[in-house]
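Below: the structure, in C-alpha cells.
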Amino acid sequence: MVEHTIEATKAVVTLDAAIPGIIWGWMITLNMWAKSIGTGVILIGAFLLYRHNKETMPNLRWLMPLISFVALNVFLLFTLVDLHQPLRMINIFLHPHWSSAITVGAWMASLFTGLITLLALIGGMNEHQDFQRHCKVANWARSNNELYEKIFPYVVFLAIPVTLYTAVIMAQSSARELWQAPTEMMQMLLAAFLAGSATLIFIADDWKVEARKDLALVLAVSTALGFMMYMGEYFFSYKSAEAEETLKYIHSGGAYSGEFWMAMIFGFLAPFFLAVSSIKEDNKTTLRFAAIIALVGLYLAKDVWLKIPQLLPLS
Amino acid sequence: MKLGFLVDLNLCMGCKGCEIACKVENEVPLSSWRLRVKYIDVGTFPQTTRNFTPLRCNHCENAPCVRICPVSALHYLENGIVNIDSNRCIGCAGCMMACPYGAIYMDPETNTADKCTYCAHRIESGMMPACVVACPVEANIFGDVDDATSHISRYIMEHQNNGGVQVRKPEKHTDPKHYYVGGGNQTLNPLAHERIEGYNLFNNVTHLDHVGDPNHSILDRFIGGGHGHYSNKSLADEKIGAKTKEHETQGGH
Ligand code: SF4
Ligand code: SF4
Ligand code: SF4
C-alpha cells in the first residue's frame with residue numbers, strides 16, 4: 001500500500017528538551033510489596049482464625065501482628081524516603097486534601113499501623129510473660145489482653161482499603177492508561193492474598209496440617225488468578241492509545257519483558273503448581289520454596305507494572 | 001475571570017524566545033523547563049514541513065494534578081490559574097504522575113514540584129506573562145476567556161470553524177485553558193510522532209536521568225555515595241534501539 005511505502009504521514013521530533021523518565025522507581029515497588037505483606041498477613045490470618053481453632057495455630061496471635069508491623073514500617077519508611085521533602089510529610093496531616101488517594105491512603109495506613117502496633121504489643125507481651133516484667137507499657141498490654149479480640153475485626157476491615165488505595169493513586173495518574181482502577185484493585189487484593197499466605201507459611205511449621213493446606217490453597221488460588229489477570233492485561237489492554245503504546249513497547253522485548261516473564265513463570269506459575277502439590281501432600285519444604293519464589297515474583301511483577309507506563313512520552 | 005492561553009502555530013517561527021524568557025523570568029534551573037518549543041518534522045523529504053509547538057501547563061479546569069496533590073500545594077486561583085505553593089509541597093511527585101501532559105518537573109534546587117504558573121506573580125501586578133512579551137510575532141495570546149470581548153476570546157471565535165481551535169488530549173476531560181490554532185494530531189499528540197535519539201537540544205539525551213536532585217532521599221545519600229549515574233531507559237529509546245547516554249551534557253545536578 002502506498003501509504004506504507006512513502007511514509008508521507010510520518011512525523012519525527014527534530015528538536016526538543018529532554019523529558020522525564022521513570023519518576024516512581026524501586027522504592028515505590030518495595031513500598032507496594034511490603035504493604036501487600038503487611039495487610040495480607042492480617043487478611044489471611046483472619047481467614048485462618050475463622051476456619052480453624054486458634055489453639056492449632058499457637059504462634060499466629062502474636063506473630064501475625066508482629067510481621068505486619070515490620071512490613072508496614074518498611075512500607076512507611078520507603079514512602080517517606082521517596083519524598084523529595086521527607087520532613088514535610090507532616091503536611092499530609094496538617095493540610096490534608098481529601099480528593100487525593102495519597103492523602104486518604106496515608107491517613108488509613110497510619111491508623112492501620114497504629115492499631116497493628118497495639119495488637120503486636122498485646123499479642124507479644126501476653127505470649128512472653130517474662131519479658132519486660134517491670135515495664136508499665138508491657139504490663140498494661142498484659143492486663144488488657146481482651147482488647148486484642150475487640151479491635152481485631154476493625155483491623156481486618158481496615159486492611160482492605162489500605163491494600164487497595166494504591167490502585168486508586170494509579171487510577172488518578174491520568175495518561176498512564178495501562179493502570180485501570182478495577183483491574184489494579186483486583187491485582188492489589190490478590191497481591192495481599194499471595195503475600196499474606198506466602199509469609200504465613202514461614203511460621204506454620206507447627207500448625208495442624210489442615211491450616212497449612214489452607215495456606216497452600218490461598219497461595220495457589222491467588223497466584224493462578226494473579227497470573228490470569230496479568231495475562232489479560234498484558235495481551236488485551238487495548239482500550240486506549242496510551243495502554244496500546246505501552247504494551248507495544250513491552251511486547252517488543254527488552255529488559256522489562258524479561259523481568260515480566262520471569263515473574264510470571266517463576267513467581268506465579270511455578271508456585272501455583274508447588275502449592276497445589278502441597279495441598280495434596282503436606283510437604284513443608286516445597287511449600288516454603290513456593291512461598292519464597294512467589295514473594296520474589298510478586299516484587300518483579302509489581303516493578304514492571306509500575307515502571308512501563310512511565311516510559312511513555314506524555315508531551 | 002478565567003485566564004487562558006492561545007498559541008497560533010501558523011505564526012510561531014520556533015525562535016524559542018518564549019522558552020528563554022520563561023527560564024529567565026522564573027529562574028528555572030538547568031535541565032528543567034516550564035515551557036519548551038518542540039520541533040516536529042512531518043512528511044518525507046523533499047515534501048516536508050517543520051512545525052513548532054510551544055508546550056506549557058494547560059491550566060486545566062478539571063486538573064488531575066490538583067486532584068492528586070495530597071497537601072493542596074497545587075491549587076486553583078480565582079482567575080483560573082493552577083498555581084503551586086512550593087513551601088507546602090512534600091515532593092511526592094504524585095502530580096508528575098497525574099498530569100497527562102508531562103507539564104510538571106521536580107526542581108532540583110528546591111526539591112519541590114514546579115510548573116508554568118501563567119506567571120501569576122506578573123499577572124498580580126498587571127503585567128503580561130514573560131513569554132507573551134518576548135514573542136516577536138505575537139503568536140502567544142493571553143487573556144480572559146470568560147470575557148467575550150477579550151483578544152483571546154475573539155481569536156477563538158474567529159478561528160473556531162472546522163476544528164480550527166484545538167486543545168491537547170481532549171479525551172482526558174481535563175478541560176484545558178490552553179488552546180492552539182493551526183495544530184493537528186501530528187503536532188499535538190505525542191504518540192503520533194517519533195522521538196529519535198540524537199536530534200535533541202541536548203544531543204543524545206531524550207530522557208532525563210533523574211527527577212529533581214538525584215540524591216534527594218536520605219537512603220540514596222546513604223547507599224548512593226554521591227551523584228552517581230543510573231540509566232533511565234525510555235520507550236522512545238527502545239523504539240529505535242538506541243542507548244541513553246550519560247547526561248554529562250546537561251551540566252545540571
Ligand atoms: S496541564 Fe498538567 S500541570 Fe497543568 S493544570 Fe493540567 S494537569 Fe495540572
Ligand atoms: S509533588 Fe508537591 S505539588 Fe506535586 S502532588 Fe506532591 S505535594 Fe503536591
Ligand atoms: S506564562 Fe510564565 S511560567 Fe508560563 S510559560 Fe509563560 S513565562 Fe513561563
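Source: prediction; values computed, not measured. All chains are named by letter (A, B, ...) in the order of the sequence lines, taking the proteins before the strands, and each is independently numbered beginning at 1.
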Original post:
For the residue pair B:Trp33 and A:Ala17, what are the closest heavy atoms and their distance?
Top reply: NE1-CB, 3.3 Å

Subject >> A:Ile169 versus chain B, the contacting section by heavy-atom distance below 4.5 Å >> reply: both

Original post:
Would you say A:Ser315 and B:Arg168 make side-chain contact, with heavy atoms under 4.5 Å?
Top reply: yes

Original post:
Is it true that atom CD of B:Glu171 has more than 12 heavy atoms of other residues, nucleotides or ligands lying nearer than 6.0 Å?
Top reply: yes

Subject >> Under 3.5 Å: donor-acceptor pair, side chain of A:Ser173, backbone of B:Ala98 >> reply: no

Subject >> Nearest heavy-atom neighbours spanning B:Gly94 and A:Trp24 >> reply: CA-CZ2, 3.6 Å

Subject >> chain B interface, residue from A:Ser100, A:Ala175, A:Gly25 that has the most non-hydrogen pairs under 4.5 Å >> reply: A:Ser100

Subject >> Per-residue contact mode, A:Ala241 against chain B (heavy atom under 4.5 angstrom) >> reply: both

**OP:** Return yes when atom OH of A:Tyr234 has more than 12 non-hydrogen atoms of other residues, nucleotides or ligands closer than 6.0 Å, and no otherwise.
**Re:** yes

Subject >> Shortest non-hydrogen contact from B:Leu191 toward A:Pro313 >> reply: CD2-O, 4.3 Å

Subject >> Validation row: A:Glu177, B:Lys172 side chains within 4.5 angstrom (heavy atoms) >> reply: yes

Original post:
Between B:Gly102, B:Cys92, B:Ala113, B:Pro100, which residue shows the highest count of heavy-atom pairs closer than 4.5 Å to chain A?
Top reply: B:Pro100

Original post:
Are A:Ile28 and B:Met97 side-chain neighbours, meaning at least one heavy-atom pair lies under 4.5 Å?
Top reply: no

**OP:** Give the intermediate values and the outcome of side-chain contact (heavy atoms from CB on, under 4.5 Å) for residues A:His95 and B:Ser72.
**Re:** CA-CA 7 Å; A:His95 307 285; B:Ser72 304; 5.9 Å; no

Subject >> Any donor-acceptor N or O pair under 3.5 Å, side chains A:Arg88, B:Thr112 >> reply: no

Original post:
Side-chain contact, heavy-atom cut-off 4.5 Å: A:Thr14 with B:Tyr39?
Top reply: yes

**OP:** Quick one: which of B:Asn87, B:Thr174, B:Val37 has the most heavy-atom pairs under 4.5 Å with chain A, could you say?
**Re:** B:Asn87

Subject >> Close side-chain approach of A:Asp16 and B:Arg36, heavy atoms under 4.5 Å >> reply: yes

Subject >> B:Ile68 and A:His97, any side-chain heavy atoms less than 4.5 Å apart >> reply: no

Original post:
Do you know which of A:Leu87, A:Ile102, A:Asn91 makes side-chain contact (heavy atoms from CB on, under 4.5 Å) with B:Ile90?
Top reply: A:Asn91

Subject >> B:Cys99 versus chain A, the contacting section by heavy-atom distance below 4.5 Å >> reply: backbone

Original post:
Could you give the distance from CE (B:Met96) to CG (A:Leu314), rounded to the nearest 0.5 Å?
Top reply: 10.0 Å

Original post:
For A:Trp107, is it the side chain, the backbone, both, or neither that has a heavy atom closer than 4.5 Å to a heavy atom of chain B?
Top reply: neither

Subject >> Euclidean distance, B:Cys95 SG relative to A:Gln172 CD, rounded to 0.5 Å >> reply: 12.5 Å

Original post:
Got B:Thr110 and A:His84 here, is their nearest side-chain heavy-atom distance under 4.5 Å?
Top reply: no

Subject >> A:Tyr154 atom OH, over 12 foreign heavy atoms within 6.0 Å >> reply: no

Original post:
Can you find a heavy atom in the side chain of B:His193 that is under 4.5 Å from one in the side chain of A:Val12?
Top reply: no

